[in-house]
Amino acid sequence: VSGVKGMPSITTPLFPVVDLLGNTVAVTLLPGASPPAPGSAAVARAGPSLSGFVSSLASPLVSISKDGVTAEHRDPTGQNLRGVIFGNGNVPIFEAGAYFEVEVRKVHSAEPDGMVIGVTKA
């Protein structure tokens with residue numbers, strides 16, 4: 001979510017959503033990641049800070065690591081959907097907008113498409 005000119009300010013807490021599908025098998029959330037703009041500092045907000053994924057809200061075919069930061073789709077074929085995971089806290093807000101980052105850890109090379117990434121209100 002960007003702070004592009006004319007874009008409304010972000011006043012509602014936003015939570016990250018990632019859907020592991022197609023070629024994306026596993027991702028790791030990078031808590032504390034900052035946008036690539038120099039001098040970006042997070043704006044303080046009320047509510048829980050983003051530190052991982054919520055295992056109780058993960059799709060049945062997804063496992064979450066013990067530390068909560070890595071999610072892996074357990075379908076060995078890459079054909080099953082149902083790979084949705086939710087973050088456990090607010091997406092950090094920066095001067096330019098909301099920002100969170102995941103790193104793709106594992107892929108199915110035979111699949112042509114990949115993950116969906118976005119935000120949702122609580």
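Not a single side-chain hydrogen bond (donor to acceptor under 3.5 Å, both in side chains) links Ser49 to another residue, sequence neighbours left out. Not counting sequence neighbours, the partners of Arg105 by the salt bridge (charged side-chain N to carboxylate O under 4.0 Å, His left out) test are Glu103. For the side-chain hydrogen bond (donor to acceptor under 3.5 Å, both in side chains) test, residues two or more places apart in sequence or in another chain that qualify with Asp75 are Thr77, Asn80. Glu72 pairs by the salt bridge (charged side-chain N to carboxylate O under 4.0 Å, His left out) definition with Lys106, not counting sequence neighbours.
Taking the side chain as every heavy atom from C-beta outward, Val91 and Phe15 never approach each other to under 4.5 Å. The shortest side-chain heavy-atom distance between Val104 and Thr28 does not fall under the 4.5 Å cut-off. Asn23 is not listed as a side-chain neighbour of Pro112, based on a closest heavy-atom distance of 4.5 Å or more. Taking the side chain as every heavy atom from C-beta outward, Val27 and Leu20 approach each other to under 4.5 Å. Side chains of Ser51 and Asn88 form a contact here, defined as non-hydrogen atoms less than 4.5 Å apart. Side-chain contact between Tyr99 and Pro92 is absent, with no heavy-atom pair separated by less than 4.5 Å.
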Distance-only donor-acceptor hits, side chain of residues 114-122, under 3.5 Å, sequence neighbours excluded:
none

For residues 52-64, dump all side-chain donor-acceptor pairs below 3.5 Å to protein atoms at least two apart in sequence or in another chain.
| residue | atom | partner | partner atom | Å |
| --- | --- | --- | --- | --- |
| Ser59 | OG | Arg82 | O | 3.4 |
| Ser59 | OG | Val84 | N | 2.9 |
| Ser59 | OG | Val84 | O | 3.2 |

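Minimum heavy-atom separation, Gly83 to His73: CA-CD2, 3.6 Å. Val102 approaches Val18 most closely through the heavy-atom pair CG1-CG2, 4.3 Å. Between Asp113 and Gly22, the closest heavy-atom pair is OD1-CA, 3.2 Å.
One finds the CZ atom of Phe100 at 12.5 Å from the CG atom of Asn90 (value rounded to the nearest 0.5 Å).
Chaining together hydrophobic side chains whose heavy atoms lie under 4.5 Å apart leaves Val69 on its own.
Checked by atom type and distance alone, the side chain of His108 never pairs as donor or acceptor with a backbone atom of Leu21 at under 3.5 Å.
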